Amino acid sequence: MQTERIEDNIIYARAKSGTYPFKLDVCLYIADGVLIDAGSANILKETRTLLGNEKIICAALTHVHEDHTGAAAWIKKNIKVPVYLHRNSIAEASVKSDIPLYRRLTWGNREGFEADAMPLFIETEKHRFDVIDAPGHHRDHVVFHEKNSGWLFTGDLFVSRRQAVAFKDENINDAITSITKILRLDFETLFCGHSGIHHDGRKKLKAKLDFFTEFREQVCMFRKKGFPDEEINKKLFPGKNLWEFVSRGEWSSINMIRTV
Ligand SMILES: [Zn+2]
């Protein structure tokens, strides 16, 4: 795990989770004592070392996926601070995750934990983080906005400008609504759960919105012409994606089309 102290009292930690080819980056942040997202179970050892050296007042999770909640049970048991999660995901979080093999190899199963209901905002000595609902990637996804510093902690709302695969329960229509709403907020620096810190975060999030909007227009245009989703998939995503293969279609481009 690489760690860096940046901005005014933010610790940025980044680690590789899993082993090749099931290997992806995961990022977590400690902003004035607030742990934002808790990494995956496969990096728990490194996360424990990091958290053991820092003062943590609470953890705030953008969503319940296993790559954002891996250390949550350990935090509840050992640091004994609130671990905030969207109230509609608390029941799911209370039991151990049950995920397919490729996700276990990449992220690992997270233990069940007793989450605390997400408040409207989290206040620390120096900052106030407003909690903003941002469904799309997950129906109970939130982002954290610190307007005085122009920070936005986005979990999996951004990840990259483009997207080639999605889960069945992702919703691109919701993502478009969420990003449109969030772009009205005052922020410049975006802290992503996988791709790190983007100082031109507003520009990048706008680019993602443009990608989703254009993608939706194309899908609608092909549907009007009578193409079935499988044909549209071949037209919009002609190449094969490694993750689509290893996930046996759980994480696939056809899901992107079906969510429109
Ligand atoms: Zn996720």
Side-chain angles (χ1 to χ4, degrees), residues 24-27 37 62-63 65 67-68 86 102-103 106 132-145 147 150-260:
L24 289 172
D25 279 17
V26 59
C27 305
D37 280 336
T62 56
H63 63 299
H65 280 159
D67 45 331
H68 298 256
H86 194 293
Y102 80 100
R103 283 166 69 176
T106 310
I132 317 282
D133 278 327
H137 169 76
H138 186 278
R139 68 179 192 281
D140 303 330
H141 194 295
V142 300
V143 300
F144 304 104
H145 178 223
K147 61 171 175 256
W151 299 338
L152 189 72
F153 295 85
T154 53
D156 283 354
L157 181 73
F158 169 68
V159 185
S160 63
R161 287 168 197 253
R162 299 175 63 79
Q163 184 173 333
V165 284
F167 294 119
K168 260 196 190 78
D169 55 356
E170 285 191 43
N171 190 317
I172 285 172
N173 295 322
D174 285 352
I176 288 173
T177 308
S178 292
I179 298 175
T180 304
K181 175 180 80 173
I182 283 158
L183 284 169
R184 289 190 206 114
L185 303 173
D186 214 0
F187 74 95
E188 220 40 68
T189 310
L190 185 153
F191 299 80
C192 173
H194 296 284
S195 59
I197 300 169
H198 302 271
H199 293 287
D200 55 349
R202 167 172 297 280
K203 205 171 118 194
K204 291 218 171 115
L205 196 57
K206 173 73 173 63
K208 179 102 188 201
L209 177 64
D210 292 343
F211 167 75
F212 274 153
T213 310
E214 198 179 306
F215 173 76
R216 182 166 69 177
E217 277 167 13
Q218 283 183 309
V219 172
C220 292
M221 184 264 292
F222 281 124
R223 277 190 186 149
K224 264 188 204 146
K225 288 184 178 170
F227 288 98
D229 285 353
E230 289 72 18
E231 285 298 313
I232 301 173
N233 190 28
K234 279 186 203 152
K235 283 182 181 300
L236 297 183
F237 300 102
K240 274 282 148 241
N241 186 295
L242 169 74
W243 289 102
E244 187 155 338
F245 175 70
V246 298
S247 75
R248 295 180 173 196
E250 196 215 21
W251 207 22
S252 64
S253 55
I254 189 87
N255 287 342
M256 297 261 303
I257 289 156
R258 285 176 182 153
T259 74
V260 172

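Only a predicted model underlies this, so the values are computations on that prediction, with no experimental measurement involved.
Among all heavy-atom pairs drawn from His63 and Asp140, the shortest one is CB-O, 4.4 Å. When every heavy atom of Asn255 is checked against every heavy atom of Ala166, the shortest pair comes out as ND2-O, 3.0 Å. Of all non-hydrogen atoms in Phe215 and Ile172, the two that sit nearest each other are CE2-CD1, 3.8 Å. The two residues His194 and Val26 make their nearest non-hydrogen contact at ND1-CA, 4.0 Å. Scanning all heavy atoms of the two residues, the minimum distance from Val143 to Thr154 falls at CG1-CA, 3.8 Å.
With sequence neighbours left out, Asp174 forms a side-chain hydrogen bond (donor to acceptor under 3.5 Å, both in side chains) with no residue at all. With sequence neighbours excluded, the residues that form a side-chain hydrogen bond (donor to acceptor under 3.5 Å, both in side chains) with Asp210 are Lys206. Lys208 meets the side-chain hydrogen bond (donor to acceptor under 3.5 Å, both in side chains) test with Gln163; sequence neighbours excluded. Annotation: ring-ring contact (aromatic ring centres under 6.0 Å, His included) contacts of Phe222 (sequence neighbours excluded): Phe227. For the side-chain hydrogen bond (donor to acceptor under 3.5 Å, both in side chains) test, residues two or more places apart in sequence or in another chain that qualify with Glu250 are Tyr102, Arg103. With sequence neighbours excluded, the residues that form a ring-ring contact (aromatic ring centres under 6.0 Å, His included) with Trp243 are Trp251.
For the 3.5 Å distance criterion, the side chains of Asp156 and His68 qualify, holding a donor opposite an acceptor. Using modelled atom types, one finds a donor on one side chain and an acceptor on the other under 3.5 Å when comparing Arg216 with Asn173. A donor and an acceptor atom, one from each side chain of Ser253 and Asn233, are located under 3.5 Å apart.
A donor-acceptor contact shorter than 3.5 Å is absent between the side chain of His145 and the backbone of Leu152. Here the side chain of Ser195 pairs no donor or acceptor atom with the backbone of Cys192 at under 3.5 angstrom. A distance-only check finds no donor-acceptor pair linking the side chain of Arg223 to the backbone of Ile232 [under 3.5 Å].
One distance of note links OG1 of Thr259 with CG of Asp169; it measures 10.0 Å at 0.5 Å rounding. In this structure, the separation between CE on Met256 and CG on Leu236 is 9.0 Å, given to the nearest 0.5 Å. Rounding to the nearest 0.5 Å places OG of Ser178 at 8.0 Å from CG of Asp133. From Leu157, atom CG reaches atom NE2 of His141 across 6.0 Å, with rounding to the nearest 0.5 Å. In this structure, CG in Leu183 is found 4.5 Å from CG in Leu205, a value given to the nearest 0.5 Å. To the nearest 0.5 Å, atoms CD1 (Ile176) and CZ (Phe212) are separated by 7.0 Å.
You'll find the side chain of Arg161 stays beyond 4.5 Å of the side chain of Phe211, heavy atoms only. Between Lys181 and Ile132 the shortest side-chain heavy-atom distance falls below 4.5 Å. You'll find the side chain of Phe187 reaches within 4.5 Å of the side chain of Ile182, heavy atoms only. Inter-residue side-chain proximity for Phe191 and His198 is flagged as unmet; no heavy-atom pair is nearer than 4.5 Å.
Electrostatic pairing of Glu230 and Arg258 counts as a salt bridge here, judged by a charged N lying under 4.0 Å from a carboxylate O.
The six-membered or imidazole ring of His65 lies near that of Phe167, with a centre-to-centre distance under 6.0 Å.
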Exercise. Please report the C-alpha distance between Phe153 and Thr62 in whole Å, then the side-chain angles of each, then the deciding distance to 0.1 Å, and finally whether the side chain to side chain contact (heavy atoms under 4.5 Å, CB included) criterion is met.
Key: CA-CA 8 Å; Phe153 295 85; Thr62 56; 5.6 Å; no

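Heavy-atom contacts from other residues, nucleotides or ligands closer than 6.0 Å to NZ of Lys203 number 12 or fewer.
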